[in-house]
Amino acid sequence: MTRTLPRVLTIAGSDSSGGAGIEADLKTITAHGCYGMTGITGLTAQNTTGVKDIFPVAPSFLELALDAVFTDIGVDAVKTGMLASAATIESVTKKLKEYQASNICVDPVMISTSGSQLLPDSAVSGYLAHLFPIATIITPNIQEAQFLYKVATGTDIVVDSLEDAKRLAMELHNLGPKYVLLKGGHLPLTTDGYTRVKEQAATSADVVADIVYDGSTYEIIESPFIITKNTHGTGCTLSSAIASNLAKKMTVVDAVKEAIDYVHGAIADDLQLGKGNGPINHLHRTYI
Ligand SMILES: Cc1ncc(COP(=O)(O)O)c(N)n1
C-alpha cells in the first residue's frame, strides 16, 4: 500500500538548542502527521539563555534549496520564521510567487524570547512590501505588531485592553495579509473588563486572548494564562502547527484554534530543560 502525507515547508533559521526555529518546526509538523521540509535561512548558535551568534545562509543558496523542494516533492503549506535579512525576504517572496505557493503562514520573527535581534530593523519594511501581500496569515505578537505598524505608518498604537488589540489587528490587516492572528500571550487580561495585567502580576485566573481577523469578523480565542518562564519557541511552534493544519485542508480559523490548543498543551506539560527560557514539549500528545 502506498501512502502520501500533507507536505509542509518551513523557511526559517536553525536553533542549535532545538526549542525554536527549524528544529521546533520539524517536530511540530511531524507531531501533526505531516511531512516536513526545510529552507534554512541561517544557523544560530543558541541555547535557552540566548543567541550567541548567527551565521546567515546566502540567499542564492536558499533559492536553490527552495527550487529543489518545489520542483520535486511539492508543497501544500509554507511557514516562514527567522528570515535574517532584507535580501532573504526578497528571495523567499520571489520563490513563493514563482511556484504559486498557497497556504503561506508568516511569523514575523524579529526578536527572540531571550532578547536577541533576529532581523535588523532596516529589513522590517521588506515584510510589509513583499511578504504580507502574499500571506494567507501573519502571526505577530503584540510587540511585533506594534513595531510593524510603526514602520508602516510612523505612529504608535498603545495596547492596554482587548479593544486596543482588536484595533491593532485591524490596522495590520490593512497592510495586506488575508488573515491576522494577533497573539496575546504577552498581554494577560483580566476576565472582567478585559484590561491588561502586568505579566509579572498575572495569575492563572487571567486569560490570554488571541485574535483572528479576516477583514470583517473577529474571532477571539481565550486560554488560561500559564505562569512559566519556559516559552522558548512558542511562536515558531504555533506557526508551524497552523501551516500543518492548512496543509491538512482545515479552514484558517480551525487551523489556528487547533494550533493554539497544541501550543497550550505543550507549555502546560511543564518541560524543564536548560538554565534559561526552556523549550516547550512538542511531543506532549505522543508519549508512547
Ligand atoms: C532560529 C530561531 N528562530 C526563531 C526564534 C524565536 O523564538 P523565541 O522567540 O521563542 O526565542 C529563535 N529564538 N531562533
Side-chain angles (χ1 to χ4, degrees), residues 8-29 36-57 59 62 65 78-85 88-89 92 105-121 123-124 126-127 131 138-148 181-187 199 208 210 226 228-243 259-260 262-264 266-282:
V8 181
L9 168 65
T10 163
I11 306 175
S14 158
D15 167 10
S16 50
S17 67
I22 288 282
E23 288 77 4
D25 296 340
L26 285 179
K27 292 172 198 178
T28 303
I29 294 164
M37 297 165 286
T38 63
I40 300 184
T41 60
L43 309 178
T44 65
Q46 178 174 187
N47 61 23
T48 63
T49 67
V51 178
K52 314 303 165 193
D53 205 354
I54 303 180
F55 185 77
V57 166
L62 173 62
V78 185
K79 77 139 271 190
T80 69
M82 181 188 95
L83 294 183
S85 71
T88 303
I89 292 179
V92 169
C105 179
V106 174
D107 181 16
V109 173
M110 296 179 215
I111 297 176
S112 71
T113 303
S114 53
S116 301
Q117 186 105 25
L118 298 175
L119 184 79
D121 283 357
V124 170
Y127 271 123
L131 219 35
I138 62 169
T139 65
N141 62 36
I142 287 174
Q143 287 87 340
E144 288 163 344
Q146 286 171 313
F147 191 66
L148 287 159
L181 165 61
L182 182 63
K183 297 180 292 196
H186 298 282
L187 185 84
E199 214 170 319
V208 168
D210 295 308
I226 303 174
T228 177
K229 67 178 174 43
N230 297 329
T231 57
H232 176 56
T234 43
C236 309
T237 302
L238 184 75
S239 54
S240 28
I242 293 171
I260 289 172
Y262 172 75
V263 171
H264 189 83
I267 301 172
D269 208 50
D270 205 18
L271 188 62
Q272 294 296 330
L273 290 172
K275 301 183 177 69
N277 297 113
I280 62 179
N281 190 358
H282 299 97

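Indexing begins at 1, ligand by ligand and atom by atom, following the structure's order.
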Colleague: Mind checking side chain to side chain donor-acceptor pair (under 3.5 Å) for T48 and listing every partner two or more places apart, or none if nothing turns up?
Modeller: none
Colleague: Roughly how far, to the nearest 0.5 Å, is the CG atom of L238 from the SG atom of C105?
Modeller: 7.5 Å
Colleague: Restricting to side chain to side chain donor-acceptor pair (under 3.5 Å), what partner residues turn up for T231, sequence neighbours left out?
Modeller: none
Colleague: Are any protein N/O atoms closer than 3.5 Å to the N/O atoms of ligand 1? If there are, list each pair with names and the distance to one decimal place.
Modeller:
{"unit_1": "ligand 1", "atom_1": "9 (O)", "unit_2": "T113", "atom_2": "N", "d": "2.9"}
{"unit_1": "ligand 1", "atom_1": "9 (O)", "unit_2": "T113", "atom_2": "OG1", "d": "2.9"}
{"unit_1": "ligand 1", "atom_1": "10 (O)", "unit_2": "T113", "atom_2": "OG1", "d": "2.8"}
{"unit_1": "ligand 1", "atom_1": "10 (O)", "unit_2": "G233", "atom_2": "N", "d": "2.5"}
{"unit_1": "ligand 1", "atom_1": "11 (O)", "unit_2": "T113", "atom_2": "N", "d": "3.0"}
{"unit_1": "ligand 1", "atom_1": "11 (O)", "unit_2": "T113", "atom_2": "OG1", "d": "3.3"}
{"unit_1": "ligand 1", "atom_1": "11 (O)", "unit_2": "H232", "atom_2": "ND1", "d": "3.4"}
{"unit_1": "ligand 1", "atom_1": "13 (N)", "unit_2": "Q46", "atom_2": "OE1", "d": "2.7"}
{"unit_1": "ligand 1", "atom_1": "14 (N)", "unit_2": "Q46", "atom_2": "NE2", "d": "3.1"}

Colleague: Just checking, is any N or O donor in the side chain of K79 or S239 under 3.5 Å from an acceptor N or O on the other one?
Modeller: yes
Colleague: Taking all heavy atoms of L62 and all of V92, pick out the closest pair and write down the distance.
Modeller: CD2-CG2, 3.8 Å
Colleague: Looking at residues at least two apart in the chain, or sitting in another chain, which of them share a salt bridge (Lys or Arg N to Asp or Glu O under 4.0 Å) with K183?
Modeller: D107
